[in-house]
Engineer: 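Just dropping this structure here.
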Amino acid sequence: MHYQAESWGSYFPTRAVGGDPLERIERLASENAVVIFSVSSCCMCHAIKRLFCGMGVNPTVYELDEDPRGKDMEKALTRLLGSSSAVPVVFIGGKLVGAMDRVMASHINGTLVPLLKEAGALWL
């Protein structure tokens, strides 16, 4: 897994600092094949990260509790999902897959692997 825990704003253009949290989420989600927005103490987040690693996928993980703007991003993710739980949230190929329930449903019904292959995150 590739963790992005440092102060993310330090290497993004100045205009991104303090910008709209949803725009930031969309930008970060589009930069890698698989992106997980997580909270380091969340057991469901841990489970989803283990699922992808067990499949041979190397997701980029953004731990929102370690980011100074993480709370705003969590609120934006909650609005985006329309649910009470903001994490984990998974993007594949820059597209929102959803929270744990959607990812597990995709895994069980066999649509997750084709998504991962299409995004270039899985080759087998």
Side-chain angles (χ1 to χ4, degrees):
M1 274 182 282
H2 180 68
Y3 283 91
Q4 295 291 331
E6 68 276 356
S7 177
W8 306 340
S10 62
Y11 60 85
F12 289 110
T14 310
R15 62 178 173 74
V17 175
D20 179 47
L22 193 53
E23 287 178 10
R24 186 167 183 238
I25 289 166
E26 291 171 355
R27 181 173 36 82
L28 293 172
S30 68
E31 291 176 349
N32 294 286
V34 178
V35 175
I36 301 172
F37 291 95
S38 172
V39 171
S40 58
S41 61
C42 169
C43 63
M44 298 305 264
C45 297
H46 177 74
I48 206 82
K49 291 181 269 191
R50 296 304 321 143
L51 170 69
F52 283 109
C53 287
M55 296 174 76
V57 173
N58 187 26
T60 297
V61 177
Y62 292 99
E63 298 291 3
L64 299 179
D65 57 324
E66 297 175 7
D67 183 279
R69 293 171 286 163
K71 285 289 181 200
D72 291 335
M73 292 174 68
E74 271 189 78
K75 290 176 188 172
L77 288 167
T78 300
R79 286 192 308 271
L80 184 65
L81 293 174
S83 68
S84 60
S85 178
V87 291
V89 178
V90 176
F91 288 82
I92 298 176
K95 297 176 188 157
L96 174 66
V97 174
M100 181 73 158
D101 58 339
R102 295 285 202 126
V103 174
M104 291 309 295
S106 297
H107 182 52
I108 291 167
N109 72 23
T111 59
L112 184 60
V113 168
L115 278 176
L116 292 168
K117 286 181 180 178
E118 185 181 321
L122 195 60
W123 296 274
L124 300 176

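It should be emphasised that the depicted structure is a prediction, and the values quoted were computed from it without experimental measurement.
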Engineer: I need the minimum non-hydrogen distance between Leu81 and Gly98, along with the two atoms involved.
Structural biologist: CD2-CA, 4.1 Å

Engineer: So, for Gly120 and Ala33, which heavy atoms are closest and what is the spacing to 0.1 Å?
Structural biologist: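 Gly120 and Ala33 have their closest heavy atoms at C-CB, 4.5 Å.
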
Engineer: Looking only at heavy atoms, what is the nearest atom pair of Leu122 and Met55, with distance?
Structural biologist: CD1-O, 3.3 Å

Engineer: Determine the minimum heavy-atom distance between Val61 and Ser38, stating which atoms define it.
Structural biologist: CG1-CB, 4.0 Å

Engineer: I need the minimum non-hydrogen distance between Leu22 and Ala76, along with the two atoms involved.
Structural biologist: N-CB, 4.1 Å

Engineer: I need the Cys42 SG to Lys49 NZ distance, nearest 0.5 Å.
Structural biologist: 8.0 Å

Engineer: Taking the side chain as C-beta and beyond, is there a heavy-atom pair between Ile92 and Leu112 under 4.5 Å?
Structural biologist: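 A side-chain contact under 4.5 Å exists here.
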
Engineer: For the CD1 atom of Ile36 and the CG atom of Leu64, what is their distance to the nearest 0.5 Å?
Structural biologist: 11.5 Å

Engineer: With a 4.5 Å cut-off on side-chain heavy atoms, are His107 and Leu51 touching?
Structural biologist: yes

Engineer: For the atom pair CZ (Arg69) and CD1 (Ile25), what is the distance rounded to the nearest 0.5 Å?
Structural biologist: 11.0 Å

Engineer: Indicate the atoms forming the closest heavy-atom contact of Val39 with Cys45, along with that distance.
Structural biologist: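 Smallest heavy-atom distance, with atoms named: N-SG, 3.6 Å.
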
Engineer: Count the heavy atoms of every other residue, nucleotide or ligand shown that sit under 6.0 Å from CE of Met44, and state whether that count exceeds 12.
Structural biologist: no

Engineer: CG/Leu77 to CG/Asp72 distance, rounded to the nearest 0.5 angstrom?
Structural biologist: 11.0 Å

Engineer: Would you check if Leu28 and Thr60 make a side-chain contact, meaning some heavy-atom pair closer than 4.5 Å?
Structural biologist: no

Engineer: Within this structure, what is the CG-CE distance for the pair Asn109 and Met104, rounded to the nearest 0.5 Å?
Structural biologist: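 One gets 11.0 Å once the value is rounded to the nearest 0.5 Å.
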
Engineer: Angle between ring planes, Phe37 versus Phe91, binned at 30° and 60°: parallel, tilted or perpendicular?
Structural biologist: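 Perpendicular.
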
Engineer: Per the side-chain contact (heavy atoms from CB on, under 4.5 Å) rule, which among Val87, Val89, Val103 passes with Ile48?
Structural biologist: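 That would be Val103.
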
Engineer: Should Glu66 and Ser40 count as side-chain neighbours, where that means a heavy-atom distance under 4.5 Å?
Structural biologist: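 Heavy-atom side-chain distance check passes, below 4.5 Å.
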
Engineer: With rounding to the nearest 0.5 angstrom, report the OH to CZ distance, Tyr62 to Arg24.
Structural biologist: 8.5 Å

